[in-house]
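Let me begin by presenting the structure, written as structure tokens, before commenting on it.
One-based numbering, in listed order, for ligands and for the atoms of each.
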Amino acid sequence: MTPGARIQAAIEILDRVLDGEAAEKALTGWARRSRFAGSKDRAAIRDHVFDAIRCKRSFAARGGAMTGRGLMIGLARAQDLDIDALFSGAGHAPEPLSNAEVAAGRAPEGAEALDIPDWLDPPFRDSLGDEAEAVAQALQSRAPVMLRVNLRKANIAQAQASLSGEGIEARSAAISDTALQVVEGARRVSNSAAFKDGLVELQDGASQAVVDALPLSDGQHVLDYCAGGGGKTLAMAGRAQGRFYAHDANPGRLADLPVRAKRAGVKVQLLAPGKIEGHFDLVLCDAPCSGSGSWRRAPDAKWRLTPEKLRELNGIQQNILDEASRLVAPGGVLAYATCSVLDSENGARVDDFLARNGGWRETDRRQWLPGPEGDGFFLSCLTRN
Ligand SMILES: C[S@@+](CC[C@H](N)C(=O)[O-])C[C@H]1O[C@@H](n2cnc3c(N)ncnc32)[C@H](O)[C@@H]1O
């Protein structure tokens, strides 16, 4: 496909996304209908689509319309691409710009320029203070591809050597001593021997840093209360020799965990909702949240969040803290984490829990902002007296 034809494909996919279809579904549907497209075409189109969703407001302003075509004109202007060459009308490229389109478009301003919804601008700024603009800008760009080295199976150097043998270059990252940042060959990772043999997992750097910060030690009974796919369960099991349990309100989410645990060479026991017995030394609640710290990876979530949905999430987070706190042994730790940068999901939830419950003290609180090696994350460790 020519660069122009890739732009036309992105326009068609974005029109579906603007009509309400999820980005991944729109991309998959397009790929299924377009067997002629090679893997490089699909990757380039995916990049265009995700770049445009991350910067939907600012690109629409620059491009003069909130349409697939407007977004791609905005992208071409923002990224200083050759518009006449891309919008040539030749072959499968989009039609040249009309005089009205050439005249349309303006520099975005304020929250629009930062690609933050207007309603969210005040709580976003209140939560992040002087860092708000830098964080919004970080959320406008692509996320790094990060791996976690499974220390049960390899050290950093061994994992790097194995990856390198398959054309994947990865450098160690300051955010965690298990983290590698892939700098070349990212698309080959999931088919590599290092991945299939359990030496590495795909995991964001800040997710790894959160696990590094947990008070884990050998022999503990550890419950991952909101385990989802089990990324953090496996990261914890990679760090210490203990008994690891995974639970999720939606047990279907745990479906892949047994296979992943086997690949990683660790044991994890799954616990069904309502079937948790006893107390644990450490209970991790990686709570459902807005995902605002990881909007680079899932940018449509940024535009779907509403004040009502955020309030609903705050209620769920409060209930999870209450439920999980009952499972912590005396002297044990309740670790509350989100991949959000919004205070209503982070510090405010913990403060509310502490105000309503005696017998706990906060022994750690940390915030990671979206950066070159990781997403935004929050962690609070509450120790039970
Ligand atoms: C942020 S995700 C977890 C991601 C996972 N820890 C990982 O690292 O891959 C949050 C999870 O919480 C689960 N969840 C939602 N409400 C819950 C509840 N009341 N109790 C337990 N889990 C819940 C969701 O099904 C979802 O899988």
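Within ligand 1, counting atoms from 1 as listed, the ones closer than 4.0 Å to a heavy atom of Gly228 are 27 (O). Taking a cut-off of under 4.0 Å to the non-hydrogen atoms of Ala287, the atoms of ligand 1 that pass are 1 (C).
The distance between the ring centers of Trp360 and Phe353 falls below 6.0 angstrom.
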List the atom pairs, donor and acceptor, that lie under 3.5 Å between side-chain atoms in residues 268-288 and the rest of the protein, sequence neighbours left out.
from	atom 1	to	atom 2	distance (Å)
His279	NE2	Arg326	O	3.3
Asp281	OD2	His221	N	2.7
Asp286	OD2	Lys232	NZ	2.7

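The ring pair (Phe, Tyr, Trp, His ring centres under 6.0 Å) search around Tyr225 returns His247, not counting sequence neighbours.
With respect to atom 15 (C) of ligand 1, the closest heavy atom belonging to the protein is Pro288 CG, 3.4 Å. Nearest protein heavy-atom contact of atom 11 (C) of ligand 1 is Asp248 OD2, 3.6 Å. For atom 5 (C) of ligand 1, the nearest protein heavy atom (residue, atom name, distance) is Ala227 O, 3.1 Å. The protein atom (non-hydrogen) at minimum distance from atom 9 (O) of ligand 1 is Gly231 N, 3.3 Å. Here the protein heavy atom with the shortest distance to atom 3 (C) of ligand 1 is Cys226 O, 3.2 Å. For atom 8 (O) of ligand 1, the closest heavy atom belonging to the protein is Lys232 NZ, 3.1 Å. Here the protein heavy atom with the shortest distance to atom 19 (N) of ligand 1 is Ile320 CG1, 3.5 Å.
Contacts between Asp286 and ligand 1, counted as non-hydrogen atom pairs separated by less than 4.0 Å, involve both the backbone and the side chain. For Cys339, no heavy-atom contact with ligand 1 is shorter than 4.0 Å.
Not a single heavy atom of Gln203 sits less than 4.0 Å from an atom of ligand 1. Residue contacts with ligand 1 do not include Cys285, since none of its heavy atoms lies under 4.0 Å from the ligand.
Comment: Arg54 does not engage Asp115 in a salt bridge, judged by the lack of any side-chain N to carboxylate O separation of less than 4.0 angstrom.
Geometrically, Arg297 does not engage Phe50 in a cation-pi contact defined by less than 6.0 Å to the ring centre and at most 45° from the axis.
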Open item on the list: Set out, in order, the CA-CA distance, both residues' side-chain angles and the distance that settles salt bridge (charged side-chain N to carboxylate O under 4.0 Å, His left out) for Asp300 and Lys56, then state yes or no.
Closed with: CA-CA 9 Å; Asp300 24 5; Lys56 192 169 87 171; over 6 Å; no

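In Asn99, the CG atom is not crowded: 12 or fewer heavy atoms of neighbouring residues, nucleotides or ligands sit closer than 6.0 Å. At most 12 heavy atoms of other shown residues, nucleotides or ligands fall within 6.0 angstrom of atom CZ in Arg16. Counting non-hydrogen atoms of other residues, nucleotides and ligands closer than 6.0 Å to CZ of Arg33 gives a total above 12.
Considering each of Ala249, Ser207, Gly229, Ser294, the one bringing a non-hydrogen atom nearest atom 21 (C) of ligand 1 is Ala249.
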